[in-house]
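Notes to accompany the following structure.
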Amino acid sequence: MWSQAQPNIALVKYWGKRDVARNLPAVGSLSITLDALYSRMSVDFLENRGLDELVVNGEENSAMLSRVSGCIDRIAGNDRPAARIQSESNFPLAAGLASSASAFAALVLATCESVNQTADTLAMARIAGSVSGSAARSFYGGFVELAAGDENIDVWSIVGPEDWPLKVVVAITETGPKPLSSGEAMIRCAKTSPFYDSWVERQPDDLAAAREAVDKRDFEQLAAVSEHNCLKMHSVMWASRPPVVYWNNATIACMETVRDLQKKSEPVFFTIDAGPQLKAVCLPSAEETVRDALSDTAGVVTTLVSGLGYGARVLEQS
Ligand code: 2P0
């Protein structure tokens, strides 16, 4: 049995942890789930109690094993047989493309299926979120909001993928793994960035503006709040000690490309996560123009295009 989940891209970002041990976010977030990129997982329990085996895209992988095993323990308990976990993705891992979101959403679903404990979606999203905050959002499709409650998170879809079918063009500017994990970077920002408290305090305003923009299908309003929230999150990072800078020259060149397109009235805006890739969100009418412009931007290795998709699911074909 294989499960599948797609990455999501936050327009109002999760950045900061209220409770590090339980991995509870300090702020709510709002994201879009993609359809063209995916992580697939299968979890098979073996006869013995030895070590788990993790195979990622056909190759043994030990780097992620302890996090993956810990996630399975949360569902199947510590006293469980060893598991063989197979994972396939059609996009670069650990490069700011939310691979942990789709991977852990798919892993939680596959594990719950394997032990016949398919809980309700929110319960599974909470387990995934306790391993990787953004993974909770990949259980839902379209436009997704995550609220940071006192005791637990809440996650739900506010508008389905067909109800406002935006497109996303991802400009890949580097394919290697990122220098500092988002989790470590968030903890550093909370400890050292002078802008962190105001980031947390203002987040409800950005969430309200984004939610309203989605409800009204107001692209300009969504563009304004998304770019503002993205640049604010990166300002928090840049002002931390030592600074956290995920951008490279091509990231900035891509921002200029998007600005040029906006000057020509193309309906497009950018967002950037914990990595050097730029994600351009646009109306379907602008997809080709945006892709061509980003492909021609200096330093862009390749581009990927995606529409919006659904939440994590079990695949019918085993
Ligand atoms: C987001 N990011 O909202 C933000 C924006 C990166 C930048 O969620 O520490 O890998 O595992 O809970 O889920 C990436 O964070 O972090 C992330 P952990 P995760 O998409």
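Each ligand, and each atom within it, is numbered from 1 in the order the structure gives.
For Tyr310 and Tyr140, the gap between ring centers reaches or exceeds 6.0 Å.
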Dump the intermediate steps for salt bridge (charged side-chain N to carboxylate O under 4.0 Å, His left out) on Arg80 and Asp52, then the final yes or no. CA-CA 10 Å; Arg80 62 169 173 84; Asp52 292 337; 2.7 Å; yes
Before giving the answer on side chain to side chain donor-acceptor pair (under 3.5 Å), spell out for Ser102 and Ser39 the whole-Å C-alpha distance, their side-chain angles and the decisive distance to 0.1 Å. CA-CA 6 Å; Ser102 51; Ser39 300; 2.7 Å; yes
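Under the 30°/60° scheme for interplanar angles, the aromatic rings of Trp164 and Phe219 are found to stand perpendicular.
For the residue pair Ser198 / Glu201, no side-chain donor-acceptor distance below 3.5 Å is found, with atom types taken as modelled. Side-chain atoms of Glu174 and Asn248 form a donor-acceptor pair, as typed in the model, at a separation below 3.5 Å. A donor-acceptor contact closer than 3.5 angstrom is absent between the side chains of Asn8 and Thr33.
In the vicinity of Ser100, heavy-atom distances shorter than 4.0 Å reach the ligand 1 atoms 10 (O). Heavy-atom contacts of Gly133 reach the following atoms of ligand 1: 11 (O), 12 (O), 13 (O), 18 (P) (cutoff under 4.0 Å). Interface atoms of ligand 1 facing Arg137, defined by a heavy-atom separation under 4.0 Å, are 1 (C), 3 (O), 20 (O). The ligand atoms of ligand 1 that sit less than 4.0 angstrom from a heavy atom of Ser182 are 10 (O), 14 (C), 15 (O). Close contacts of ligand 1 with Gly183, meaning ligand atoms under 4.0 Å from a residue heavy atom, involve 9 (O). Near Ser134, with a cut-off below 4.0 Å to any heavy atom, the atoms of ligand 1 are 8 (O), 13 (O), 19 (P). Proximity to Val131 (heavy-atom distance under 4.0 Å) selects the following atoms of ligand 1: 11 (O). Listed by number with element, the atoms of ligand 1 under 4.0 angstrom from any heavy atom of Ala10 are 1 (C), 3 (O), 20 (O).
Looking at Asn23 against ligand 1, only its side chain comes within 4.0 Å, counting heavy atoms. Looking at Arg67 against ligand 1, only its side chain comes within 4.0 Å, counting heavy atoms.
Taking the centre and axis of the six-membered ring of Phe139, the NZ or CZ atom of Arg137 falls outside the cone set by 45° and 6.0 Å.
Within the 4.0 Å heavy-atom cutoff, Val12 does not count among the residues contacting ligand 1. Judged by the shortest distance from any of its heavy atoms, His234 lies outside the 4.0 Å radius around the atoms of ligand 1. Residue-ligand proximity: Ser29 is placed with every non-hydrogen atom at 4.0 Å or more from ligand 1.
Residue Asp273 has no N or O atom closer than 3.5 Å to an N or O atom of ligand 1. Here's the thing with Lys13: none of its N/O atoms is less than 3.5 angstrom from an N/O atom of ligand 1. Taking distance alone, with nitrogen or oxygen atoms compared against 3.5 Å, Ala274 stays at or beyond that limit from ligand 1. Considering backbone and side-chain N/O atoms, Trp15 never comes within less than 3.5 Å of an N/O atom of ligand 1. Considering backbone and side-chain N/O of Lys17, one or more are found under 3.5 Å from N/O of ligand 1.
A salt bridge does not link Glu287 with Arg291: none of the charged nitrogens is closer than 4.0 Å to a carboxylate oxygen.
Within the 3.5 Å criterion, the main-chain N or O of Val268 finds a donor-acceptor partner in the side chain of Gln262.
Atom CG of Asn249 has 12 or fewer heavy atoms from other residues, nucleotides or ligands within 6.0 Å.
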